Number of protein chains: 2
Amino acid sequence: MPSERVEQRREGVREEIKQAARRLMAEHGTAGLSLRAIAREINMLPSGLYHYYGSLDDLITALIVDAFNALADALEAARETAAGPGSAAQLTAVLEAYRRWAMTHPTDFQLIYGNPIPGYAAPREITVPPVIRGFSVIVGLIENLLQSGVLEAAPPYDVIPPEVEARLQTLIERDGYPVSARALFLGVVGWTQLHGIIMLEMFNHIQPVIGDVETFYRAQVINLLKTLGLKTAI
Amino acid sequence: MPSERVEQRREGVREEIKQAARRLMAEHGTAGLSLRAIAREINMLPSGLYHYYGSLDDLITALIVDAFNALADALEAARETAAGPGSAAQLTAVLEAYRRWAMTHPTDFQLIYGNPIPGYAAPREITVPPVIRGFSVIVGLIENLLQSGVLEAAPPYDVIPPEVEARLQTLIERDGYPVSARALFLGVVGWTQLHGIIMLEMFNHIQPVIGDVETFYRAQVINLLKTLGLKTAI
DNA sequence: TCTATAATTTGAACACTGTTCACAGTATAG
DNA sequence: CTATACTGTGAACAGTGTTCAAATTATAGA
């Protein structure tokens, strides 16, 4: 029977552990994520950490959940500060925030969208919800644009492969998402396209070819919205 | 002064080491890449391996170069076996081979396009050439389609950001690539778009949403070529 | 306030990891 | 046949995640 007070302190130490972990990751990359190094950082013995996290994997999972939520926060913030609610500018702001967050938090991004720790596989039932949170920001804006008519799915993105549409429909009904299959589809299309650029930039595969990745990315965001069927200019 | 005969045997052992490494990776993921495990596998002491590879990183680099070349082989093979040289079907075949190779060689793919080993960073001067080899297959086909008029860059992909075009032009001249900046640009656009899908599929981020990733990917390949400005139907 | 109980920290141990180095054995070349 | 270069050995070092009993500390109830 853990009392209120005890539980609060436990949570405090857990936070301290995570902060030390993030500090080490920022310095030495995802390679710096060592249980013993964390213990050293906060003046504890390695074994002591096991009272707060069952294993290093559990700690990583906690960091991943935090990272997904931080990304979602960044996307939501971009949506709020962007000019004109319901405008396409809001969507471009969010899509650009996606890359900006990735580039300013490379280790966190690798943690969630790469496979940075050998032997570790994230438990989906824990990590999926915060993923949805971030993705919902994009899909929500697309849904708005579709409903206001600013966006009208244009060929070839106006047709959804039947197998895919069925799955999306199931997902929407099962989890009660307030969006259309169309918005979800366009969201996935956009997400995958831009994610590829970020992933290649992150590991330095595209910069040597394209040079200025930022301009390329911005251009691709606009090209994406145009091909998806945006009616207004950006 | 290493003689012919000696060098040949060295190369044989090096191959044996790499094969053991690939076997372990296939079984235990990139996590299985342990110098000591490899040594065990081929009945050697860990220290013995240092006569063939200066360090684990050197071995990883060798595996990466092999993987990039294997990927390039797969793309070239897809190009050769596809019906109708110079046709768009050839390009779709190659683009689909890209994903197929990734999915049938997940550890190799993670090795080259992720950052699977903590603390390891690939030396670009060694890894870039085989990257170019694979990429050239795609860009070469695009160049063909552009010249034969089957592909005519359509809005919005008919304009190249000036900063990007300048860089591409420099690259073409410096390395003597027999392609246009336009082909290179469209190649990068397509590459990044599809790479995003593969990357998200690899780490199981997209399958839960979209269900049948294969159909989604095939649809996106076709959508890509259409938006890039393909004149003929697929 | 004192005590019984729960929470926390300790320290040692185990089985791993990559890497270095002097040494012994083996094959090669002159 | 011998001197030399090559190859593998074995021990050691510093690091890793993890487990467990013991010791310490803090909490809660009387």
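Residue numbering restarts at 1 for every chain, and letters A, B, ... go by the order of the sequence lines. Owing to the predicted nature of the structure, the values given are computational and were not obtained by experimental measurement.
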query: At under 4.0 Å between heavy atoms, what does Tyr52(A) touch on the DNA or RNA strands: base, sugar-phosphate, or nothing?
result: sugar-phosphate
- line: Numerically ordered, the residues 36-45 of chain A set in heavy-atom contact under 4.0 Å with DNA chain D is Arg36(A), Arg40(A)
Closest non-hydrogen atom pair between Tyr53(B) and Ala62(B), with its separation: CE2-CB, 3.9 Å
query: Do Phe68(A) and Phe109(A) have ring centroids that are under 6.0 Å from one another?
result: no
message: I'd like to know whether CZ of Arg218(A) has more than 12 heavy-atom contacts from other residues, nucleotides or ligands below 6.0 angstrom.
response: no
task: Using the side-chain hydrogen bond (donor to acceptor under 3.5 Å, both in side chains) rule, collect all pairs that involve residues 33-44 of chain A, keeping only residues at least two apart or in two chains.
output: Arg23(A)-Glu41(A)
query: Once you round it to whole Å, what is the distance between C1' of dG17(D) and CD1 of Ile60(A)?
result: 11 Å
- request: Starting at atom CG of Leu33(B), determine the distance to atom P of dT19(C), rounded to an integer number of angstrom.
  value: 12 Å
- request: Report yes if the side chains of Val94(B) and Tyr98(B) come closer than 4.5 Å at any heavy-atom pair, otherwise no.
  value: no
message: Holding to side chain to side chain donor-acceptor pair (under 3.5 Å), I want the full list of residues that pass it with Thr215(A), two or more places apart in sequence or in another chain.
response: Asp212(A)
- prompt: Can a salt bridge be assigned to the pair Asp108(A) and Arg22(A) using a cut-off of 4.0 Å between side-chain N and carboxylate O?
  reply: no
query: Are the side chains of Tyr52(A) and Met44(A) in touch, meaning some heavy atoms are under 4.5 Å apart?
result: yes
Under 4.0 angstrom between Ser34(A) side-chain N/O and dG17(D) OP1 or OP2: yes
message: Can you measure Leu56(A) atom CG to dC16(C) atom C1' for me and round it to whole angstrom units?
response: 15 Å
message: What is the separation between atom CG on Leu35(A) and atom C1' on dT19(D), rounded to the nearest whole Å?
response: 13 Å
- prompt: For the pair made of CG in Asp58(A) and P in dG17(D), what is the distance, rounded to whole Å?
  reply: 14 Å
query: How does protein contact run along nucleotides 20-30 of chain C, one letter per nucleotide 5' to 3', with B for base contact, S for sugar-phosphate only, - for none, heavy atoms under 4.0 Å?
result: BB-----SSS-
Nucleic acid contacts of residues 11-18 of chain A, taken as heavy-atom distances under 4.0 Å to DNA chain C: none
- line: Stems field, DNA chain D, Watson-Crick or wobble, 3.5 Å, at least 3 pairs, by first number, holds C:1-3 with D:28-30, C:5-27 with D:4-26
task: Return the minimal non-hydrogen interatomic distance between Glu143(A) and Pro178(A), and the atom names on each side.
output: CG-O, 4.3 Å
- prompt: Val209(B) and Arg167(A): which non-hydrogen atoms are nearest, and at how many Å?
  reply: O-CG, 3.4 Å
query: Is there a side-chain contact between Arg99(B) and Glu214(B) (heavy atoms, below 4.5 Å)?
result: yes
message: For a 4.5 angstrom cut-off between non-hydrogen side-chain atoms, does Tyr113(A) reach Leu200(B)?
response: yes
message: Please determine whether a side-chain nitrogen of the Lys or Arg among Asp58(B) and Arg14(B) lies less than 4.0 Å from a carboxylate oxygen of the Asp or Glu.
response: no
